[in-house]
Each structure stands twice: as C-alpha cells, then as structure tokens.
Amino acid sequence: MGLLFLVTALCGCMKDTRQLTFATTEPDGWAAGDTLTLVIDTLARTGTHGVELLLHTDGYAYTNLALHVSMAQDSTVLYDEQLTIDLKQTKQASGIAQRCDYVVPLANMELTDTTHTTVSVYHRMSDTLLCGIGRIGIRIGSPARRPGEVVWQVEW
C-alpha cells in the first residue's frame, strides 16, 4: 500500500509520465555489483527527448551518490557515464520525514520510436551494501532546456 502511494504521489506531480519506469533495490540494501535494469517500451515518437534519473531515498546516510548509468537502443549505446551526484545541489522533488525524491537530468538524446530503450544503473560507492536507496527510475519526456538557452523570442 505504501509503495503504491509513493509512486502515485510522485507521478501525480509530473507533467508527462508516459515514458516512466522504476527498478527496486533489495530490501536489505543495494549490493555493489548489482545492476538495476530498466526497460522502456517503444516511444510515442522519434526525436530529441530529455532523460532524467529519479531517485527515491529513505534514510540514505550520505549527501552524495556515485553511479554508472548506461542507456541503449538495440545495440547502440546512447549514453554511458559515471556520475557523482551531490544530493545537496540536486533538485528534490519531494520529501516526507527521511524520505527524499530527487530528479537528476541526464541528457537530451535522439531516440527512435521503433525499439525499446534499456537503461542500466549500478552504484560506485565504497560501501558494498548501500542502504537507503529504495528505487531508481528513468523518465523520458520533453527535451530539457540548457542554461542560457532562449526558449522563444519575439521580434517586434
């Protein structure tokens, strides 16, 4: 019941949840070497899409998180990065008590609508068992605006 409420509450705050999926870590923690795999079915359209990583934490003991994130369509690797996320500087979607939900923009990517998208995530923290990260999600939506980017301009 609680998990369903959490996902429903988070999705209720997002504008576009058509391309959204989550993977859950083991209840006793996320072990080093355990890769979370998220698969998103074919997209509604081809083109540039913004990709965001979603983190659900509850009692996470650190203010940073080191991850390896890889994204592919078929055999084409579109994104393969080692990330170090400063949670103090990351957009926090919501939080109740010790639970916090974070949104981490990854990139704008050209994606096709003919095949599914596979995202693989594993942690690179020194702890062999990382506690407090309950779920990892991926959202594919509208392209993200870059800092200083002009969204539209009117000439008089």
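As the structure is a computational prediction, the values presented were derived from the model and not from experiment.
- To the nearest 0.5 Å, atoms CG (Asn108) and OG (Ser142) are separated by 10.0 Å.
- Taking 4.5 Å as the limit, every side-chain heavy atom of Val39 sits out of range of all side-chain heavy atoms of Thr21.
- At a threshold of 4.5 Å between non-hydrogen side-chain atoms, the residues Ile140 and Met71 count as touching.
- Within the 4.5 Å cutoff, side-chain heavy atoms of Arg135 are placed close to those of Thr24.
- Cluster annotation: Tyr122 and Leu38 are assigned to distinct hydrophobic clusters (Ile/Leu/Val/Met/Phe/Trp/Tyr, side-chain heavy-atom contacts under 4.5 Å, transitive).
- The minimum heavy-atom distance linking Ile133 with Leu65 is given by the pair CD1-CD2, 4.1 Å.
- Between the CZ atom of Arg139 and the CD1 atom of Ile40 there is a distance of 10.0 Å, given to the nearest 0.5 Å.
- Minimum interatomic distance between His49 and Leu111 (heavy atoms only, all atoms of both residues): CD2-CB, 3.7 Å.
- A distance-only check finds no donor-acceptor pair linking the side chain of Thr128 to the backbone of Ala32 [under 3.5 Å].
- Looking at heavy atoms from C-beta onward, Thr84 lies out of side-chain contact with Gln82 at the 4.5 angstrom threshold.
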- Message: The test is side chain to side chain contact (heavy atoms under 4.5 Å, CB included); show your working for His56 and Asp58 and say whether it passes.
- Response: CA-CA 7 Å; His56 295 305; Asp58 190 359; over 6 Å; no
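- A 4.5 Å side-chain heavy-atom check between Gln73 and Thr114 finds every atom pair outside the cut-off.
- Within the 4.5 Å cutoff, the side chain of Gln19 has no heavy atoms near those of the Ile138 side chain.
- The minimum heavy-atom distance linking Arg124 with Leu67 is given by the pair NE-O, 3.3 Å.
- Across every non-hydrogen atom of Leu106 and Leu83, the tightest pair is CD2-CD1, 3.6 Å.
- When the side chains of ILVMFWY residues are joined at heavy-atom separations under 4.5 Å, either directly or via intervening members, Tyr62 and Leu129 end up in two distinct hydrophobic clusters.
- When side chains are defined from C-beta on, Val103 counts as touching Leu54, because their heavy atoms get closer than 4.5 Å.
- When hydrophobic clusters are built by joining Ile, Leu, Val, Met, Phe, Trp and Tyr residues whose side-chain heavy atoms come closer than 4.5 Å, directly or via intermediates, Tyr79 is grouped together with Leu55.
- Note: the hydrophobic cluster containing Val119 also contains Ile85 (ILVMFWY, side chain heavy atoms under 4.5 Å, direct or indirect links).
- Listed by first then second residue, pairs satisfying side chain to side chain donor-acceptor pair (under 3.5 Å) with a partner in residues 29-46 read Thr46-Asp113, not counting sequence neighbours.
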- Any chance you could lay out the side chain to side chain contact (heavy atoms under 4.5 Å, CB included) test for His68 and Asp80, step after step, and finish with the verdict? CA-CA 7 Å; His68 181 263; Asp80 190 45; 2.9 Å; yes
- Query: After noting the C-alpha distance and the side-chain angles of Leu130 and Tyr60, does the key distance pass the side chain to side chain contact (heavy atoms under 4.5 Å, CB included) rule?
  - Reply: CA-CA 8 Å; Leu130 192 58; Tyr60 183 64; 3.7 Å; yes
